[in-house]
Amino acid sequence: MTAETLFPLVPWVVLIPLAGILINLLAGRALGERGVGLVASLAALGSFAVSVLLAVGLAQQPEGQSLLLARWMSIGSLNVDWAFRVDTLSVTMMLVVSGVGTLIHIYSIGYMHDDTRHNGDPARFRRFFLYLNLFIAAMMVLVSADNYLMMFVGWEGVGLCSYLLIGFWFEKGEAGLGNARAAKKAFVVNRIGDLGFLIAMFTMFWAFGSLSFGEVLPRAAEAAPAVLLAITLFFLLAVTGKSAQLPLFTWLPDAMAGPTPVSALIHAATMVTAGVYLVARSLPIFAAAPAAQSAVLWVGALTALFAATIAVAQTDIKRVLAFSTISQLGFMVAAVGMGAVVAGMFHLITHAFFKALLFLGAGSVILGMERGHERHAQAHDGHHGGFDPQDMRFMGGLRSRMPVTFWVYLIGGLALAGVAPLSGFFSKDEILAAAEQVSPAVFVVLLIAALLTAFYVARQLALVFFGQGRSEAARAATESSPVITVPLGILAALAAVGGALNLPGSHLLGDWLHHTVEPLVEAGFNPLTAGIALVIALAGLGLGWLLYGRSPLTRAEEPDPLAVRLKGLFTWLRRKWYVDEIYNALFVTPYTRLSQMLAGPVDQGLIDGVVNGAGGMARLLGNLGRSLQNGYVRSYALIMLVGVALIFTFLLAR
Amino acid sequence: MSINDFLAILPVLVVLVTGVLVMVADVFLPEGRKGIAALLSGLGLAAGLGAALAAVPSTGTAFAGMVVADGFSLFLDALFAAVGLVGIGLAYDYFKRMRLQRGEYYTLLLFSIGGMMLMGHANDLVMFFLALELLSIPLYILSGFFRARLASQEAALKYFLLGAFSSGFVLYGIAMVFGGTASINLEGIVAAVRDGSANLTFLLVGAALLVVGFAFKVSAVPFHAWTPDVYEGAPSPLTGFMSSATKAAGFAALIRLLLVVFPALGENLAPVVSGLAALTMIAGNLIALVQTNIKRLLAYSSIAHAGYLLIGLVAVNSSAAGDAVAAMLFYLVGYAIANLGAWSVVVAAEQAEGRGLELEDYSGLGRKYPWLGVAMLVFMLSFIGVPLTLGFWGKLYLFRVALESGLFGLAVIGIAASLVSAYYYLRVVVYMFFRDGEGVARRDVWLNLIAIGSAAAVVLMALVPGDLLQVAAQAVLRVP
């Protein structure tokens, strides 16, 4: 098999998941739950297999290739094709998306079997896998596109899937609206970012006359600096939307309303990293606009710190992970902002492993809590009001009840904290090493964020797994089935040894990506930085252990030890610095008021009057025309004759 | 005459010969086995389609200059054969259900298709007339196919009388052109204009009369009055076929005449065609607003779409002529697919004695038959020209041609008219999905296949409009 025969397979990374959708759509009812799950998982696996074949091809011909599938549109000078880009950067993303995606598909078979029954609608099992396959297809379009417009198709496609899956239980949540509202929030906030993408594309077409990577990127430096600044800053807006950076990060915590596999796949491992991929892909443009580069860098660094501070005060097991995701995305965005593409992509990959692991582990914990809750309720025939299986205050002591989940969660947590030799240590260290070369201020900010990361990891581990169970559910929780624990085990292995991808000295990933993008900053291994990072991580873990692990909470009502020490500040952290409230007061409320004003007097009075008037006028004319249509052949012939007479009068009068 | 002459119009011959065969075979087919006639016709059309796709456009003429076989005519051959195939699919179950399964239907349909194909090949004014009559006369008969139904008889008679009237204009136009140039062959006419021996006044009068005659066939306002009555009275499968194919045949004649034969008259004819376009778009869409019968609604919709297409016709004498023809062919294909699909839903929903054709009868249909409902939604969106459908690209290309050739006003009217059309198209969707009702539809495999296949084509082909436009752009006309 040579590269020439392997590269043309690339459309299949999109087509196989689409085929999965088609099969499940047409035959899903006949296939049953097992069949649906199997077809969907095989579709994701097929996509992964094709990605592996592409990687094999790239090993022989690392410079890659662009493959035209079909002409899309050709209007004037605008020519856009359905074309795929096979190079080391895109194939790396494909491998991550389909690889992690496949594991999460398998996990979902077990998870959604239980989840649909807890929520009382097993018929939605098939719908979940249709959406999940659609997501894989859209994400593959995003990462395999050869031009920005096709990338935008994928960008919007994953946004749609995100919306559909956040609101998967759209009739559930607070007041029966909570989940639907969370989905809407994600959609609207993302739309702001997407507008940035669109404007960036318009500007790019105006400046370069093309949207294809092959034509724009090599000529990036030719455009005027102001134009480049506009393109890059609007791209940055798109990145802050999709990758949940300051100031558009607010949708991601709410997105945890979706089922846990969705949080793992879409809102941790893959979709939210699309912004990082966008910057990495567009690096030549960013490199030509240094001001935009430092903007990206600082947005990433500040987000990393800001989200980490919030994460330390959350009580919902998934929300901690959500803010941790925002914070880690901040690390990646900062890295690609510096131009340290390899470090950013490295962290993207390891983060996909350990954060997917943590989310799926959290899902296993939630299922265990729910099983415990049900067992207890059956045994005592009692009903517990207001039970929240995601609240860490009701957990505790799960280490002995769910040993497998505990061990894999521990590995994921330590990788996230950056403890050597787990994968997170190496990738985070590369980012820190690059930051140290570029800007000492950023380096310090990221170090503090890393300290807080280790702290909230320790806090979470202690609250969930150590001490004693603080509710009947926690005391009765049981381990999950193998369909859930086996994917967890695989991910744990990847999270543990993922650092091998780019070990200091071997630089496998670095050499691989060099064929496509030339990093501006070479993030080498710096023993001193690595030492500092490790000390910081251990310090954070130790601090967390001191507060939460040494004398564990015994009752759910006990105040958080951190709250006792920080007092008012803790409330600020727990309420996420009141950002949601500020946005509501600044944008949402005035906008709603304006809408009400426009909807009431302006629309119903003025505009409806005009429109109804025009509509009435049109109907009047239509009725007039209809009255000419009286059914008599002689009048029809007369109408024709009048027409002919008019034409000839006109022609002769000229 | 050599073998090459016959090869040039092979698709036409295949279809016409099949028509004769079906007519003979029909005599021997026992009552109740008339489905075989449909099968035979389908095979003949498939063969015709294959012949059209396999043929290589030639630069010369055949039969002593009477016909051409250029890319344009071969493109249309394929279109007519494909539309005919779908037309048979529409008819097969319908006539069985209405207890009117007869072989003549398919014979006459094939003759009409042969006439349409010939229209694309015509290179001589007499050929144009022959093709026009060959395509029209079977349609007159077929419109009255429900012999027992008064509306059907009325439709046939009206269509015949007004059709004869319009044929008169065509014939008179041919005479005038002959008077002006002493030739009825397109090459002779072009040569006469070129060397200055032509009488331009006669030529102009003749050309205007020809435009009027064919404007009748494409139902341009004010030559449209027959359309709603005939479309309503004729059997639904025929209307579906007719509204897709006859329009294309009429435009085939108009494009060849205006582009090849009368470019010198462009300055005089363009305002006339512009006026027709504007009037057709406005009147078609406005009167459609107040229709309550689905067949009449689709009839006015068909008039409205002729209006958009006429914009392209105005542009064929501008510098953007190539783009204009490609855009029109593209639009015709997109319209044919969506239109046939929409008519398949109409045929499925129609009940005995012509019931089930009011919009009220569509209440709740979409929720009861989700596949048909979603398909109909796709067709309506495509008619409006909403993105992600073929109709969007069709309108985009047409309006762009309009802007390129400076027809700013027509483009604005077209966009405004599309906006108005959303009201009546979406009303169908509202009835199907948001009203409660007892609507019932026929579950027939061919109808479902046509509806779903067309909907899929409308959406999937919209993903690669560039490729389709490329094909249309290669369908060039032979210019003597």
Side-chain angles (χ1 to χ4, degrees), chain A residues 11 14 18 22 25-26 68-83 141 150 153 156-157 611-612 614-654, chain B residues 154 157-162 165-166 169 201 204-205 207-209 211-212 215-216 220-229 265 267-269 271-272 275-276 279 282-291 296 300 393 396-397 400 403-404 420 423-424 462-470 473:
Chain A
V14 179
L18 287 179
L22 208 61
L25 195 63
L26 294 176
L68 177 77
L69 179 67
R71 246 170 262 277
W72 182 8
M73 54 177 103
S74 160
I75 305 160
S77 57
L78 174 67
N79 288 297
V80 187
D81 294 323
W82 292 111
V141 171
M150 183 170 157
V153 170
E156 290 295 300
V611 170
N612 287 339
M617 194 71 170
R619 291 182 76 94
L620 206 69
L621 286 172
N623 278 319
L624 196 73
R626 190 153 74 162
S627 64
L628 282 177
Q629 194 76 27
N630 57 12
Y632 291 114
V633 174
R634 56 172 185 271
S635 2
Y636 294 178
L638 190 66
I639 297 172
M640 285 176 68
L641 212 56
V642 170
V644 175
L646 282 175
I647 289 175
F648 277 91
T649 318
F650 169 79
L651 284 178
L652 296 178
R654 270 169 78 93
Chain B
E154 187 190 324
L157 191 65
K158 270 184 188 162
Y159 197 12
F160 170 65
L161 287 175
L162 293 169
F165 195 47
S166 78
F169 286 116
T201 313
L204 178 61
V205 172
L209 286 168
V211 168
V212 167
F216 173 86
V221 179
F223 312 110
H224 70 290
W226 60 278
T227 316
D229 292 10
L265 303 176
E267 224 170 284
N268 291 304
L269 288 178
V272 172
L276 289 179
L279 207 56
I282 295 169
N285 281 307
L286 281 186
I287 306 179
L289 287 179
V290 291
Q291 300 305 318
R296 289 187 83 84
Y300 281 106
W393 292 104
L396 181 72
Y397 290 140
R400 186 176 147 258
L403 293 181
E404 271 183 0
V420 171
Y423 174 78
Y424 61 85
L463 292 178
V464 288
D467 283 336
L468 187 58
L469 188 73
Q470 189 75 19

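Heavy-atom basis, side chains included; hydrogens, waters and symmetry copies ignored. Each chain gets a letter, A, B and so on, in the order its sequence line appears, and its residues count up from 1.
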- prompt: Which region of Glu404(B), side chain (C-beta onward) or backbone (N, CA, C, O), has a non-hydrogen atom less than 4.5 Å from a non-hydrogen atom of chain A, or is it both or neither?
  reply: neither

message: Below 4.5 Å, heavy-atom pairs only: which of Leu289(B), Leu468(B), Val272(B) has the largest tally toward chain A?
response: Val272(B)

message: Once rounded to the nearest 0.5 Å, what's the spacing between atom CG of Leu469(B) and atom CE of Met73(A)?
response: 13.0 Å

- prompt: chain B: which of Asn79(A), Leu652(A), Leu641(A), Val633(A) shares the most heavy-atom pairs with it under 4.5 Å?
  reply: Val633(A)

field: Residue part contacting chain A, namely of Leu279(B), when any heavy atom lies under 4.5 Å
entry: neither

Nearest-0.5 Å distance that lies between atom OH in Tyr636(A) and atom CG in Leu161(B): 12.5 Å

- line: To the nearest 0.5 Å, atom CD1 of Ile647(A) lies from atom CZ of Phe223(B) at 4.0 Å

- prompt: Of the backbone (N, CA, C, O) and the side chain (C-beta and beyond), which part of Val290(B) lies under 4.5 Å from a heavy atom of chain A, both, or neither?
  reply: both

message: Using the rule given for side-chain contact (heavy atoms from CB on, under 4.5 Å), can you reason through Met640(A) versus Leu162(B), listing the C-alpha separation, both sets of side-chain angles and the distance that settles it, and then say yes or no?
response: CA-CA 9 Å; Met640(A) 285 176 68; Leu162(B) 293 169; 4.3 Å; yes

message: Taking atom CZ as the centre, does Phe169(B) end up with more than 12 heavy-atom neighbours from other residues, nucleotides or ligands that are less than 6.0 angstrom away?
response: yes

query: What is the distance from atom CZ of Phe648(A) to atom CG of Leu209(B), rounded to the nearest 0.5 Å?
result: 3.5 Å

- prompt: Based on non-hydrogen pairs under 4.5 Å, which of Leu269(B), Val212(B), Val221(B), Asp229(B) is most in contact with chain A?
  reply: Asp229(B)

- request: Measure distances from Phe165(B) to the heavy atoms of chain A and classify the residue's part below 4.5 Å as side chain, backbone, both or neither.
  value: side chain

Nearest-0.5 Å distance, CZ of residue Phe650(A) to CG of residue Asn268(B): 8.0 Å

query: Heavy-atom distance under 4.5 Å to chain A: side chain of Val420(B), backbone, both or neither?
result: neither

Gly643(A) versus Pro222(B), closest heavy-atom pair with distance: CA-CG, 3.7 Å

- prompt: When rounded to the nearest 0.5 angstrom, what is the spacing between CG in Leu463(B) and CH2 in Trp72(A)?
  reply: 8.0 Å

